[in-house]
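Notes follow once the structure below has been shown.
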Amino acid sequence: MKENYFPQEIEKKWQKIWDETNAFKTPDESDKPKYYALSMFPYPSGKLHMGHVRNYTITDVIARFKKANGFNVLHPIGWDSFGLPAENAAMKHNADPETWTDENIAYMTKQLKMLGLSYDWDREVTTCKPDYYKWTQWLFLQLYKKGLVYKKEAAVNWCDECGTVLANEQVIDGKCWRCDSVVEKKYLSQWFIKITEYADVLLEDLDKLTGWGENVKTMQANWIGKSHGAIFKFPVVDSPNGDVKEVPVYTTRPDTVFGITYLVVAPEYGDIEKLTTPENKQAVEEYRANARKMTEIERLSTDRVKTGVPLGTHCKNPFTGEIFPLWTADYALVEYGTGAVMAVPTHDTRDWDFAHKYNLPLKVVIQNPENPSNCENEAYTDEGILINSGEFNGMKNTEAKKLITQKAVDEGFGEFKTQYRLRDWLISRQRYWGAPIPVVYCDKCGIVPVPEEQLPVMLPKDVDFKVVGKSPITTSQTFKDTVCPVCGGHATRETDTMDTFVCSSWYYLRYADAKNSGKCFDKDKVNHWLPVDQYVGGIEHAILHLLYSRFFTKALRDCGLLDFDEPFKNLLTQGMVLKDGAKMSKSKGNTVDPDEIFENYGADTARLFILSDSPPARDFDWSDAGVEGCYKFLNRVWRLISTNQDNISLCDSGLDSESFKDKSNDDLVRTVHIAIKGITNDISNDFQFNTVISKYRELVNAIYDWQAKKPQLNDEDKQVLSFAIKSLLILMSPVAVHLTEEAWHELGGAGSIHEQPWCEWDENLAKASSITLVVQINGKVKDKIEVDEGVGDEELKTIALESPKIKALTDGMTIVKTIVVPKKLVNIVVKG
RNA sequence: GCUCCAGUGGCGGAAUCGGUAGACGCGUUGGACUUAAAAUCCAAUCGGGUGCAAACUCGGUGCCAGUUCAAGUCUGGCCUGGAGCACCA
């Protein structure tokens, strides 16, 4: 064993061996219980960044820990490899996106191997390869058959920079999630997945996800946005042609229905033209044109002054017989509810603002119990007692909600209604580098799905990537023109491709059966491996990927392809990697290149450091000094072992014997047992790797201290040291994967350290031989006394009371009572 | 506005059940080794007070209350920061 630690040399050596022997291959069949550890797979952008390093290291340590603890662990990796950056790169160099992607995957694969990750590379999945996207297309067809996919013309989010539409989930603050440019509304015919059909179960099943953080669950719940309310239908009294009989509205405040003074429809409301009088037509048209021009950001800004114009027509309130005017205003959203709102200015802040601007009347119907002369300066939106509400007067508004709706139901102008904020998932993209949507448009038969036996619909190669203003795929001569599978006549292929989030919504299933060429996956294999026991990834997917994947799992279950409800049993959302307090990013210039760290310090240092300073869920501040510190620590570990090489014998069978445990009352043996227990518990409880690493340090410090007191080691000491080092190596093996393997090998350990079972501890040895009794007076620490471990409660009390310090302090006082916490503490309550 | 999370030394953070606040590390300071440096090792490091010193003592986990023999931890009310949602009727 070399005296000095040369990580680069060691790491290269072992990586080669692991690679050649396929060391981390996972068999499907095993006597052991299964464990599925998964990181969110990367987009092959070119190089790994520190976020990747953190993500994959966390999952790798978990996978290795579980393996050592007797599980058959599935720990796969793949590539989320469709998407716009490849296409943009291709456009820039007029090259094939596939070449760019392949090169990136090759480079990043090399980096993953340099990090020493224990992947089963035989299960690698690459979403842009036909053997994968064939099944993405196949699954699309299954959902289509189930009626969960449809095409419709709708107001959609258009990103001009990316030249494509976006899903709702991909619009952040009115901007594109990818390129940050402002998103426009466009009316286009697009493909949607009916995720709303699963809104309720997606919400309800969040309760089953006990292994998910509350933050992610509430984010999803908010996004789904379930609300309970009513639909009321208001008869139109003066529709110009008499062809619109009523306007339905959705409200969560049926209790305020007696306070309606006007009604608002969205500018895009379907019947708006029929509800406009000829005199108002011009103003309404202008208003609508103006609304169309506005960006989402402008339109949705809450601090904007509300605007609107009257339509000239009126509705009747069936509860009161009152007639009130119809307006259009862009604060009503066509996509939500019915696209029309009943306005109660006295009890809704938005209606209040609008009514004040246009001098619309107010009618108070809910009385503020603390301030009966309410609604003079602002809307009153809290609970209260109904007034001016006919038969409902005097009732609590919370109770009236139900009764008022019931009346509407009974009299045929209303119904109870549950409403969701979630919209259907827009999945078509006007881009080349994605899975082609397997559909053709026949001149005669209309929309025809591609027959399954014709899959995959391959991406064409005869494409001009330099084209501007349309998808490159449309330039292919061979792609568009095709034959209708039904009638054999001329047909045109769909040129839209699928959102990459469709590809990533099922990849975790494919790992269970990655090489299956006849099916997307074998049902038994998927049922065996899934759900994922531990999923690890960034919080940025809290809604997008995680919601889509949950939906996919449920939809595929309903297609009979699998038998479970939720894909990810436990979710760990790791924090960001920061540098100098800001997220690492190229634009800020505060990135740290993993390659440089590997080169200068080795992967083990990188792994150790990225786990050391913060718990996984919290943000992690990268510091050069911290890396240096971890490197020094590994050197310290190496030195400890290399200078003791002759004193250590790993294959000493005596280490595992009962007699060794019994005869060893050595403090170091106890320290090791305490470390094993602590480290095992810290990993098991929420993967607290930062404290695991502090315990590595404590153990190493303890071994050094122990040795400093023993200039000469006798045979028993050597056995104790061997036990300590062996345990240290195994405990550190999930993190410092190369160093521990090398040391294990050099010290004559059998096989690979990564095949060793985890250390066990003896409960009796995993505690100090004596305890420090804390003595408090009135809750304040006054004395600390070393006592034997086995001392009983009564005796502890006596010891405490007889301590000279305590005697002096309690002298002349009345002892009211004495509380004894076994093996820990005595609190003496005194008076006087 | 609503929802969730967090707040502990100079810094990252630690503290199963309510039971010694500040583990472990970074940084800083002093020292040893060295011609010198690097590396390594040793010591100190929350604040105030008493003391030459060992030591002793008081205060302290965002703020204010409360529960308790005992609160970083539990309860209520605030403050600050972060994240998500948001003219969603």
Side-chain angles (χ1 to χ4, degrees), chain A residues 4 172-173 213-227 229 249-253 256 264 266 299-304 306 329-333 335-344 347-351 353-354 381 419-423 539-540 542-543 573 576 578 609 612-615 617-630 632-633 635-636 639 678 681-682 685 688 690-701 704 708 772-784 805 816-822 824-830:
Chain A
N4 293 316
I172 315 288
D173 291 334
E214 217 46 53
N215 53 342
V216 179
K217 289 197 277 185
T218 33
M219 276 163 77
Q220 290 212 356
N222 286 344
W223 186 261
I224 294 167
K226 185 177 186 173
S227 68
V249 304
Y250 171 73
T251 180
T252 54
R253 293 298 304 276
T256 63
V264 177
R299 169 94 188 250
L300 296 178
S301 161
T302 42
D303 36 278
R304 208 175 109 240
K306 290 182 178 40
D330 59 12
Y331 80 90
L333 305 174
E335 316 95 89
Y336 187 75
T338 62
V341 184
M342 61 178 229
V344 185
H347 305 296
D348 181 286
T349 52
R350 295 152 301 181
D351 299 341
D353 293 344
F354 192 81
T381 56
Q419 185 69 39
Y420 298 91
R421 208 174 307 207
L422 183 70
R423 311 284 152 80
I539 187 77
E540 66 273 17
I543 294 171
T573 46
M576 288 187 297
L578 312 176
F609 176 56
S612 66
D613 267 7
S614 299
R618 230 183 281 183
D619 286 350
F620 177 88
D621 211 337
W622 184 275
S623 79
D624 297 334
V627 182
E628 198 71 45
C630 286
K632 283 182 188 174
F633 173 67
N635 272 286
R636 192 166 145 83
R639 223 176 309 121
N681 287 343
D682 284 357
N685 301 334
Q688 292 179 56
N690 53 331
T691 57
V692 168
I693 285 158
S694 72
K695 281 166 184 151
Y696 291 163
R697 292 176 185 273
E698 283 175 346
L699 179 55
V700 170
N701 290 346
Y704 269 110
T772 308
L773 177 69
V774 174
V775 186
Q776 299 179 328
I777 295 178
N778 289 346
K780 301 213 181 270
V781 179
K782 294 294 172 185
D783 199 6
K784 294 173 189 179
K805 264 190 200 170
V816 182
K817 68 173 160 178
T818 311
I819 287 116
V820 181
V821 181
K824 217 173 229 170
L825 174 143
V826 175
N827 187 16
I828 302 157
V829 186
V830 297

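Throughout, a chain's letter reflects where its sequence line sits, starting with A, and its residues are numbered from 1.
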Tell me whether the side-chain N/O atoms of [X] come closer than 4.0 Å to OP1 or OP2 in [N].
X: A:R421; N: B:rG84; result: no
X: A:R636; N: B:rA39; result: no
X: A:S614; N: B:rG13; result: yes
X: A:N701; N: B:rG25; result: yes
X: A:K782; N: B:rU57; result: no
X: A:S227; N: B:rA89; result: yes
X: A:Y336; N: B:rA89; result: yes

Between NZ on residue A:K695 and CD on residue A:Q688, distance to nearest 0.5 Å: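 Here the rounded value is 7.5 Å.
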Just call it for A:D353: base, sugar-phosphate, or nothing, with non-hydrogen atoms closer than 4.0 Å on any strand.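 Nothing, no nucleic acid heavy atom in range.
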If I take atom [atom1] in residue [X] and atom [atom2] in nucleotide [N], what distance separates them, rounded to the nearest angstrom?
X: A:K695; N: B:rG13; atom1: NZ; atom2: C1'; value: 13 Å
X: A:L578; N: B:rC26; atom1: CG; atom2: P; value: 21 Å
X: A:N215; N: B:rA6; atom1: CG; atom2: C1'; value: 11 Å
X: A:K780; N: B:rC69; atom1: NZ; atom2: C1'; value: 13 Å

Partner nucleotide, any strand, of [N] [Watson-Crick/G-U, under 3.5 Å]:
N: B:rA37; answer: none
N: B:rG60; answer: none
N: B:rC11; answer: B:rG25
N: B:rC17; answer: none
N: B:rC52; answer: none
N: B:rU67; answer: none
N: B:rG81; answer: B:rC5

Syn if the chi torsion is within 90° of 0, anti otherwise; quick check, which is B:rC46?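 Chi for B:rC46 falls in the anti range.
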Can you tell me which nucleotide in [options] comes closest to the side chain of [X]?
X: A:K632; options: B:rU40, B:rA14, B:rA89; result: B:rU40
X: A:K306; options: B:rC87, B:rU3, B:rA89; result: B:rC87
X: A:A625; options: B:rG12, B:rG27, B:rG59; result: B:rG27
X: A:V829; options: B:rC4, B:rC69, B:rG84; result: B:rC69

So, are A:R253 and A:D348 salt-bridged, with charged N and O less than 4.0 Å apart?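 No.
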With sequence neighbours left out, what residues match A:W223 under ring pair (Phe, Tyr, Trp, His ring centres under 6.0 Å)?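 Per chain and number, A:W223 pairs via ring pair (Phe, Tyr, Trp, His ring centres under 6.0 Å) with no residue.
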Side chains of A:N701 and A:R636 only: does a donor on one sit below 3.5 Å from an acceptor on the other?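 A donor-acceptor contact under 3.5 Å links the two side chains.
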On RNA chain B, check which nucleotide each of A:D682 and A:K805 is closest to and give me the residue with the more 5' one.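 Closest to the 5' end, via its nearest nucleotide, is A:D682.
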When the nearest nucleotide of RNA chain B is assigned to A:F620 and to A:Y704 on a heavy-atom basis, which residue is associated with the more 5' position?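 First, find each residue's nearest nucleotide; the 5'-ward one identifies A:F620.
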Should the side chain of A:K817 and the base of B:rC69 be counted as holding a donor-acceptor pair, with the cut-off at 3.5 Å?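 There is none.
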Ring centre gap for A:F620 and A:F609 strictly below 6.0 Å: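 Ring-ring flag for A:F620/A:F609: true, centres closer than 6.0 Å.
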Scan nucleotides 16-23 of chain B against the protein and return all N/O pairs shorter than 3.5 Å with their distances rounded to 0.1 Å.
| unit_1 | atom_1 | unit_2 | atom_2 | d |
| --- | --- | --- | --- | --- |
| B:rG19 | N2 | A:Q776 | OE1 | 3.3 |
| B:rG19 | N2 | A:N827 | ND2 | 3.3 |
| B:rU20 | O2 | A:K784 | NZ | 2.7 |
| B:rA23 | O2' | A:E698 | OE2 | 2.7 |

